[in-house]
Amino acid sequence: MLVESRGGKNPLHLEAAPRGTSTDADASQRPGRHPTGLVSVPSRYMHSPNEMVALTDLERAARVLAAFARRLTPNTSFIPE
């Protein structure tokens, strides 16, 4: 996903999560499960009736995910070398 975000059109902030993220990704990251990546979009007032996000952030996240998905092949390996 870092490759898709480069070039200035889709700025990305990379952050490692040293412990749980309180998202559904936590269950997937356990040993023996499938590889997991988490894409977050900044928001205000989460889980309230007036939650707010910037539409440009949503569009950029969608572009990064779509570009990442287009690069996948049946032979794509998620095992670190």
Side-chain angles (χ1 to χ4, degrees):
M1 283 189 264
L2 288 173
V3 172
E4 284 77 16
S5 69
R6 292 195 177 133
K9 291 199 261 182
N10 301 307
L12 184 72
H13 175 82
L14 179 64
E15 182 177 327
R19 53 188 167 285
T21 61
S22 298
T23 67
D24 292 340
D26 291 344
S28 299
Q29 291 176 343
R30 295 192 180 122
R33 300 285 178 108
H34 52 277
T36 305
L38 177 63
V39 176
S40 298
V41 176
S43 66
R44 288 184 176 193
Y45 317 118
M46 186 182 285
H47 305 299
S48 73
N50 55 338
E51 183 170 358
M52 297 171 53
V53 297
L55 292 178
T56 54
D57 288 338
L58 289 178
E59 291 165 353
R60 288 173 177 162
R63 280 197 296 265
V64 168
L65 290 170
F68 175 75
R70 281 193 296 270
R71 292 184 65 215
L72 297 176
T73 68
N75 298 323
T76 299
S77 174
F78 293 98
I79 299 172
E81 295 179 9

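Numbers here are sequence positions counted from 1. Below, all heavy atoms of this structure are taken into account, side chains as well, without hydrogens, waters or symmetry copies.
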Sorted by chain and residue number, the side-chain contact (heavy atoms from CB on, under 4.5 Å) partners of A54 (sequence neighbours excluded) come out as T56, D57
Say whether V41 and M46 are linked into one hydrophobic cluster, either directly or through other cluster members, by side-chain heavy-atom distances under 4.5 angstrom. no
V39 vs V64, test: side chain to side chain contact (heavy atoms under 4.5 Å, CB included). Steps then yes/no.
CA-CA 9 Å; V39 176; V64 168; 5.7 Å; no
Scanning both residues in full, the closest heavy-atom pair of V53 with P42 reads CG1-O, 3.6 Å
Output for pair (L65 CG, R63 CZ), nearest 0.5 Å, gives 11.5 Å
Besides Y45, the hydrophobic cluster formed by Ile, Leu, Val, Met, Phe, Trp and Tyr side chains linked at under 4.5 Å, directly or via other members, contains M52
Separation between CG (L38) and OG1 (T21), nearest 0.5 Å, reads 5.5 Å
